[in-house]
Amino acid sequence: MDKAGKVPRDLELLISNTLRTGLIACGLITLIGLVRLQLAPVGLSQSFPTTLPGIWQALRALHPYGIIDVGLIVLILTPLFRVAASVFVYLRERDYTFVAITLFVLTMLIISFALGKAG
């Protein structure tokens, strides 16, 4: 933030473009997966991958569920990327209070993902 307490224009654009791009990418990838699911001869009988290696294998084989999972991963990672990018923007502006707050939020997000995987 600048001294007047306003968020700089480039930060607003970065956040807006990041969220917009992530949402569009997620929508397109998920749509491709759904179309592929409708065209797949075996349809719903395929197994649904739940681990990253399983998703990778399903994606490499172009299984519909693997493609849909990648779309969901993009949707999950979009706000995470936005928070990580904010750290660099605040560092550039030398606003160390917001750097600390943003790093705390980023750490909590990463820990929650790790605990969610373990639980």
Side-chain angles (χ1 to χ4, degrees):
M1 282 192 207
D2 62 5
K3 296 188 187 226
K6 295 181 180 177
V7 177
R9 179 91 176 127
D10 60 342
L11 178 60
E12 291 176 359
L13 287 174
L14 174 71
I15 292 169
S16 173
N17 289 336
T18 300
L19 295 176
R20 184 177 300 125
T21 303
L23 186 62
I24 290 171
C26 167
L28 288 175
I29 293 169
T30 304
L31 182 64
I32 291 169
L34 289 173
V35 168
R36 182 112 172 97
L37 181 65
Q38 292 300 316
L39 298 177
V42 289
L44 295 174
S45 65
Q46 297 177 354
S47 64
F48 195 86
T50 57
T51 62
L52 287 178
I55 292 170
W56 176 246
Q57 286 180 340
L59 182 64
R60 287 181 57 196
L62 294 178
H63 288 283
Y65 293 134
I67 297 170
I68 293 170
D69 278 350
V70 170
L72 294 176
I73 289 172
V74 169
L75 183 64
I76 291 169
L77 291 181
T78 298
L80 185 69
F81 177 77
R82 177 254 187 258
V83 173
S86 296
V87 171
F88 294 106
V89 170
Y90 290 131
L91 272 175
R92 190 184 73 196
E93 297 173 1
R94 300 174 193 233
D95 190 344
Y96 300 113
T97 302
F98 276 93
V99 170
I101 292 170
T102 308
L103 281 174
F104 177 76
V105 170
L106 185 62
T107 303
M108 291 297 109
L109 284 171
I110 292 171
I111 288 173
S112 70
F113 289 144
L115 291 177
K117 172 66 179 161

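Position 1 is the first residue of the sequence; numbering continues from there.
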> Do F81 and F88 belong together in a cluster built from hydrophobic side chains that touch within less than 4.5 Å?
Replying inline: no

>> How close do V87 and T102 get, counting heavy atoms only, and between which atoms?
In response: CG2-CG2, 3.4 Å

> About how many Å separate CG of L52 and CG of L59, when rounded to the nearest 0.5 Å?
Replying inline: 11.5 Å

> Hey, quick one: are I32 and V70 part of the same hydrophobic cluster, counting side-chain heavy atoms closer than 4.5 Å, chains of contacts allowed?
Replying inline: yes

>> Restricting to non-hydrogen atoms, name the atom on T21 and the atom on N17 that form the minimum distance, rounded to 0.1 Å.
In response: OG1-O, 2.7 Å

>> Same cluster or not: I110 versus V83, using hydrophobic residues (I, L, V, M, F, W, Y) connected whenever any side-chain heavy atoms lie under 4.5 Å apart?
In response: yes

> Does the side-chain contact (heavy atoms from CB on, under 4.5 Å) test come out yes or no for I76 and F113, once each step is laid out?
Replying inline: CA-CA 10 Å; I76 291 169; F113 289 144; 3.6 Å; yes

>> Please say yes or no: joined through hydrophobic side-chain contacts below 4.5 Å, possibly via intermediate residues, are W56 and L62 part of one cluster?
In response: yes

>> Using every non-hydrogen atom in the two residues, find where I68 and L34 come nearest and quote the distance to one decimal.
In response: CD1-CD2, 3.8 Å

> Counting only N and O atoms by type, is there a donor-acceptor contact under 3.5 Å from the side chain of S16 to the main-chain atoms of L13?
Replying inline: no

>> Using the rule that Ile, Leu, Val, Met, Phe, Trp and Tyr join whenever any side-chain heavy atoms are under 4.5 Å apart, tell me whether L77 and I67 fall into a single cluster.
In response: yes

> Taking the side chain as C-beta and beyond, is there a heavy-atom pair between I73 and I29 under 4.5 Å?
Replying inline: no

>> Please check this pair: side chain of R82 against backbone of L19, looking for a donor-acceptor N/O pair closer than 3.5 Å.
In response: no

>> Please give me the minimum heavy-atom distance between A61 and R36, naming the atom from each residue.
In response: O-NH2, 4.5 Å

> CG of L109 to CZ of F104: how many Å apart, nearest 0.5 Å?
Replying inline: 10.0 Å

>> Ignoring hydrogens, what is the shortest heavy-atom contact between A58 and P49? Give both atom names and the distance.
In response: CB-CG, 3.8 Å

>> Please give me the minimum heavy-atom distance between L72 and T30, naming the atom from each residue.
In response: N-OG1, 4.4 Å

> Once you round to the nearest 0.5 Å, how far does CG of D95 lie from OG of S86?
Replying inline: 11.5 Å

> From L31 CG over to I24 CD1, what is the distance, rounded to the nearest 0.5 angstrom?
Replying inline: 13.0 Å

